[in-house]
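Structure, as structure tokens:
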Amino acid sequence: MDSGITQSARVAERSPDQRDTWFTRSTTDVETAFGVDPATGLTATSAADRLGKHGPNLLTEAAKDPGWKKIARQLTDQMTIVLMIAAAVSALVSHEWETPVVILAVIIFNTVLNYVQEARAENSLQALRDMAVANSRVRRDGRLQEVARSQLVPGDVVLLEAGDSVPADGRIVEAANVQVAESALTGESQPVEKFVDTLDDASLPLADRTNMLYMNTALTRGRAAIVVTGTGMDTEIGAIATLLGEAGGDKTPLQRRIDRLAQTLTIIALVVVTLVFAMGLINGDSWTDLLLTAVSLAVATIPEGLPAVVAFTLAMGASRLAQRGAIVKQLSAVETLGSTADIATDKTGTLTLNQMTVRRLHIVGRGFRVSGEGYATTGEILIGDGLPLPDLTDALTAMALCNDSSIHEGTLVGDPTEGALVVLAEKGGIDVDGTREALPRVAEVPFDSDYKFMATFHRDIDESAGPTYRCCVKGAPDVLLERAGSVLAEHGVRPLEAADHERIQARIDELAAEGLRTLMIAGREIGNTVPDDSAALFDQVDHLTLYALVGIVDPPRPEAAAAIEIAHAAGIKVHMLTGDHLTTATAIARNLGITGDAASGSALDALDEDELAARARDFGVLARVAPEHKIRMVKALQSNGSVVAMTGDGVNDAPALKQADIGIAMGITGTDVSKGAANIILTDDNFSTIVAAVREGRGIYANIIKFVKFQLTTAWGFVLVFLSAGVFDLAGGAPFTALQILWVNIIMDGPPALALGVDPTESSVMTEKPRPPGEQLLTRNRIRRILTFGIVMATGTIAVLAFADDMFPDSADDPLFVTTLAFTTFVSYQVFNLLNVRSDTRSVFSPQSFTNKAIWVSLGAVIMLQIAVVHVAFLQDLFDTTALTSDQWLVAVAIGSSVLWIEEIVKAVIRFRQRRRARQGTLQPTAAR
């Protein structure tokens with residue numbers, strides 16, 4: 001059947017009306033039309049041919065702006081317009097060509113720089129989208145495989161379960177208790193039930209096509225298999241034009257605060273520029289020269305570069321987080337990470353390896369150990385009491401049948417816990433594939449966290465007297481104990497007695513105390529009929545015979561304990577929320593170093609909201625939790641003002657992920673619904689990646705603060721220099737020319753400043769308390785620092801203007817000497833100030849100062865260019881400078897370095913205080929300065 005797509009399907013592809021009515025055709029008709037057997041799927045060759053014909057299963061993205069539009073956008077922003085005004089004023093009021101030409105060169109430089117920044121940010125975000133591509137489980141070449149969703153083709157047989165999003169349009173050919181959330185497509189708020197049955201009415205709307213699944217909807221319950229009928233833009237969702245503009249451009253809260261800050265500072269700068277202009281007129285300066293100076297001073301003091309640098313830093317930070325294994329879906333999560341005070345995390349796969357292995361088996365009143373590791377079937381059930389191995393057939397058969405996973409050459413396809421049961425069955429001598437073929441599944445009750453078990457129903461095709469059916473169940477021991485009426489004993493099945501309950505509960509407690517997860521295996525014969533109704537099937541899961549109790553180990557990740565220790569040192573409380581037994585969870589938490597009280601979900605139910613809020617931070621372990629417990633815990637932590645990060649992987653974790661300040665979904669084991677609700681997706685499901693992401697988030701915020709402090713200190717220094725020069729009538733009230741002002745502006749917004757955005761995160765950030773979420777960009781300490789060093793810069797520069805002739809009388813006859821020395825002094829201040837702002841506490845004279853090559857390359861370039869501006873003849877003419885002697889350079893550098901020495905003294909005092917507080921066991925807030 002898989003020779004290629006049939007003529008019937010080709011006709012359907014050409015006719016939209018026909019294509020849209022697959023729901024009116026039987027499953028056999030659909031399978032024939034697409035040339036596929038659902039049991040085996042397409043062949044690899046046929047899938048490749050169809051991919052070439054239909055193209056990848058992707059929605060067409062909105063067209064990106066061409067390069068000329070991006071350049072036009074750069075040329076119309078506020079900064080560029082101000083520069084253009086400066087160039088026009090210069091051309092009109094002066095008789096020199098140098099100034100307008102240099103200003104135009106600055107415009108070109110800034111445009112190119114911003115264009116490159118935007119391109120890098122787009123490339124980073126595209127890389128994140130590429131990393132986030134999901135896989136689907138399909139049947140191809142007669143076996144279960146995982147393929148990228150973009151590679152799905154019409155005719156593929158796709159398997160779906162609760163939590164999966166539907167990757168393409170398809171006709172249902174297998175369904176078990178299926179419900180689907182279709183609000184994204186139909187607007188229906190409640191999940192709808194889906195079936196295999198053929199529908200007759202070809203005019204049915206999408207919401208009533210109960211045998212079809214559509215791209216971007218999600219299964220909320222059950223399992224299904226579909227034959228793909230449409231991919232990419234040939235799907236129903238692909239026809240919705242609004243999806244083309246799906247990518248949003250909303251700014252993050254930090255970017256909005258930066259914008260407000262820039263607007264406020266712009267108003268202040270314009271007031272200052274007006275004062276400078278007015279004082280110049282009072283002093284008798286030419287209004288044309290003053291106009292050019294005022295425009296140039298506005299360019300230098302208005303912080304136009306802040307929003308662009310923040311966007312650049314956030315995008316680059318998101319790229320670094322992706323390299324760490326954390327894909328950021330929203331830039332707001334990057335800045336929020338630095339404020340994280342509580343991490344509520346799942347256990348399985350996050351704190352542990354998610355490579356389940358059965359270590360203990362209890363059956364017919366005896367306990368056995370199991371050898372072997374992971375998903376390799378090498379190993380055996382060990383006999384420790386010298387007695388013969390009992391008959392394990394019923395238990396191992398149930399493990400193989402009540403199971404959707406498979407192992408191929410040591411590789412798991414499916415759920416890790418189910419994989420562990422498959423491996424145990426193989427170790428016990430069961431041919432899993434052969435057993436599944438001999439006892440085909442005819443119905444099932446899929447696992448759901450509400451009732452905590454899975455049941456499958458199988459027909460015995462070898463019975464000559466007619467078919468008989470059996471039910472196989474696996475689930476939480478306490479749940480199956482309540483549904484059991486008998487137990488498999490040494491001499492066969494016997495009624496379950498009170499003593500059995502006590503014995504089994506003792507075994508559960510024993511395994512849990514060892515840190516093992518417990519799972520009960522059970523079953524029963526149900527005669528010669530199986531109910532069709534899902535509710536009736538559910539009722540059949542009763543009067544069970546208990547076959548076995550297994551203890552499964554999921555080893556802690558080697559790096560998890562160290563990551564938790566780092567989180568605790570950073571003032572972050574770690575809470576483990578798990579469905580495991582309380583004893584098991586407590587044992588694992590103890591091994592990982594998670595501290596605090598331990599409680600079960602039922603204990604949480606006994607607490608009202610106020611009591612839970614008061615105790616929330618005290619809980620280190622919450623066991624046997626349901627989704628509603630998770631969201632209650634998140635809300636309780638938030639009620640105390642904490643920024644909460646929450647991990648999750650299941651469809652029922654979505655509400656808690658949405659509620660948390662930072663929702664973190666598992667990229668490997670996570671369902672599509674959980675990934676859709678999250679802000680961040682972990683590509684490795686590793687807790688240490690969360691801690692690394694918090695560290696990176698703190699570093700990103702610190703880099704933004706560095707740039708804010710650097711630029712505002714320079715701008716404030718500029719303001720004071722010009723105001724002081726006007727008041728004291730130094731250098732005619734205009735100490736720097738328009739081009740000199742623009743040159744310093746390049747230092748502020750150019751490569752040296754941008755290099756701060758990629759500064760490595762300091763190791764000390766994870767020894768500080770989380771940053772308060774409402775912290776202002778300009779805290780009192782930061783404002784004090786900006787004002788202090790702006791005053792230092794202005795004082796040194798004004799001193800040079802006032803006393804340079806006295807210090808160097810031999811150069812006093814040169815009219816350009818004083819302003820050149822003052823100009824070089826101010827540039828020196830910027831070089832040393834850039835080194836200062838890289839750390840609030842670390843000395844510049846430490847090895848960590850050499851961890852950012854970009855800083856040193858850009859500073860080296862600034863120094864060389866400043867030397868050229870002062871000594872190269874044609875640049876002297878452009879910038880109105882004159883050559884300085886070595887002694888004069890030494891004075892400029894010495895005065896400029898004063899900000900460094902003052903800051904070194906302040907940092908030494910801070911380090912002393914921190915050491916003293918450390919001895920007292922206290923932490924300092926992040927980015928206090």
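What you see is a predicted model, and the numbers here were worked out from it, not measured in a lab.
When the options T340, I564, I566 are evaluated for a side chain to side chain contact (heavy atoms under 4.5 Å, CB included) with V691, the one that passes is I566. No option in K630, K635, R632, Q638 other than Q638 meets the side-chain hydrogen bond (donor to acceptor under 3.5 Å, both in side chains) test with Q659. Applying the salt bridge (charged side-chain N to carboxylate O under 4.0 Å, His left out) test between D840 and each of K907, R785, K709 identifies K709 as the sole match.
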Original post:
Under the side-chain contact (heavy atoms from CB on, under 4.5 Å) criterion, do L834 and Q830 qualify, and how do the steps go?
Top reply: CA-CA 6 Å; L834 189 72; Q830 309 319 307; over 6 Å; no
Original post:
Yes or no on side-chain contact (heavy atoms from CB on, under 4.5 Å) for D661 and V644, after CA distance, side-chain angles and deciding distance?
Top reply: CA-CA 5 Å; D661 299 282; V644 181; 4.0 Å; yes
**OP:** Could you please spell out the steps behind the side chain to side chain donor-acceptor pair (under 3.5 Å) verdict for N640 and S642?
**Re:** CA-CA 6 Å; N640 295 319; S642 289; 5.9 Å; no
Original post:
Passes side chain to side chain donor-acceptor pair (under 3.5 Å), S839 versus E762? Steps please.
Top reply: CA-CA 8 Å; S839 175; E762 291 189 69; 2.9 Å; yes
**OP:** Start with the C-alpha gap between R557 and D684, add the side-chain angles, then the distance that decides, and say whether salt bridge (charged side-chain N to carboxylate O under 4.0 Å, His left out) holds.
**Re:** CA-CA 12 Å; R557 290 181 180 271; D684 57 4; over 6 Å; no
**OP:** Apply the test side-chain contact (heavy atoms from CB on, under 4.5 Å) to residues L835 and W856: give CA-CA distance (whole Å), side-chain angles for both, the deciding distance (0.1 Å), then the verdict.
**Re:** CA-CA 9 Å; L835 296 176; W856 293 101; 3.8 Å; yes
Subject >> side-chain contact (heavy atoms from CB on, under 4.5 Å) between N833 and M793, intermediate numbers included >> reply: CA-CA 10 Å; N833 190 39; M793 289 180 185; 3.6 Å; yes
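Summarising the geometry of A616 relative to L637, their closest heavy-atom pair is CB-CD2, 3.7 Å, with the distance given to 0.1 Å. The nearest pair of heavy atoms linking I700 to R320 is CG1-NH2, 3.7 Å. Between G896 and Y829, the shortest heavy-atom contact is O-CD2, 3.2 Å. The nearest pair of heavy atoms linking S150 to L58 is CB-CD2, 3.8 Å. Here the shortest heavy-atom pairing between M576 and A589 reads CE-CB, 4.0 Å. Residues P770 and I572 come closest through the heavy atom pair CG-CG1, 4.4 Å.
Enclosure of atom CD in E559 by more than 12 non-hydrogen atoms of other residues, nucleotides or ligands within 6.0 angstrom is indicated. Under a cut-off of 6.0 angstrom, the local environment of CZ in R913 is sparse, with at most 12 non-hydrogen atoms contributed by other residues, nucleotides or ligands.
Atom CG of L712 sits about 4.5 Å away from atom CD1 of I786, to the nearest 0.5 Å. A distance of 8.0 Å separates OG of S339 from CD1 of I662, quoted to the nearest 0.5 Å. Atoms CD1 and CG, from I690 and L337 in turn, are 10.0 Å apart once rounded to the nearest 0.5 Å. Taking CG from L682 and OG1 from T350, the interatomic distance works out to 7.5 Å, rounded to the nearest 0.5 Å. Note that the CD1 atom of I681 and the CE atom of M666 stand 10.0 Å from one another [nearest 0.5 Å]. Taking CZ of F707 as the reference point, atom CZ of F710 lies at 8.0 Å (rounded to 0.5 Å).
Formation of a donor-acceptor pair under 3.5 Å by the N679 side chain with backbone atoms of G663 is found in this model. The backbone N or O of A326 sits nowhere less than 3.5 Å from a side-chain atom of T689 that would complete a donor-acceptor pair. Side chain of T345 to backbone of T647: no donor-acceptor contact under 3.5 angstrom is found. For R695 (side chain) and M766 (main-chain N/O), no donor-acceptor pair under 3.5 Å exists by modelled atom type.
Contact annotation: the side chain of V844 approaches that of N836 to within less than 4.5 Å [non-hydrogen atoms, C-beta and beyond]. Taking 4.5 Å as the limit, some side-chain heavy atom of W716 sits within range of a side-chain heavy atom of V719. Within the 4.5 Å cutoff, the side chain of N703 has heavy atoms near those of the K706 side chain. Looking only at side-chain heavy atoms (C-beta outward), F687 and I343 come within less than 4.5 Å of each other. Residues Q848 and P760 have side chains not in contact (no heavy-atom distance under 4.5 Å, counting atoms from C-beta outward). The shortest side-chain heavy-atom distance between R149 and S165 falls under the 4.5 Å cut-off.
Judged by distance alone, the side chains of N852 and D759 do bring a donor and an acceptor atom under 3.5 Å apart.
Take L865 and apply the side-chain contact (heavy atoms from CB on, under 4.5 Å) test, not counting sequence neighbours, and it matches W743. With sequence neighbours left out, F845 forms a ring-ring contact (aromatic ring centres under 6.0 Å, His included) with W901. Residues satisfying the salt bridge (Lys or Arg N to Asp or Glu O under 4.0 Å) test with D342, not counting sequence neighbours, are R617.
Figure legend: R771 and Y701 shown as a cation-pi pair, the cationic atom lying under 6.0 angstrom from the six-membered ring centre and within 45 degrees of its axis.
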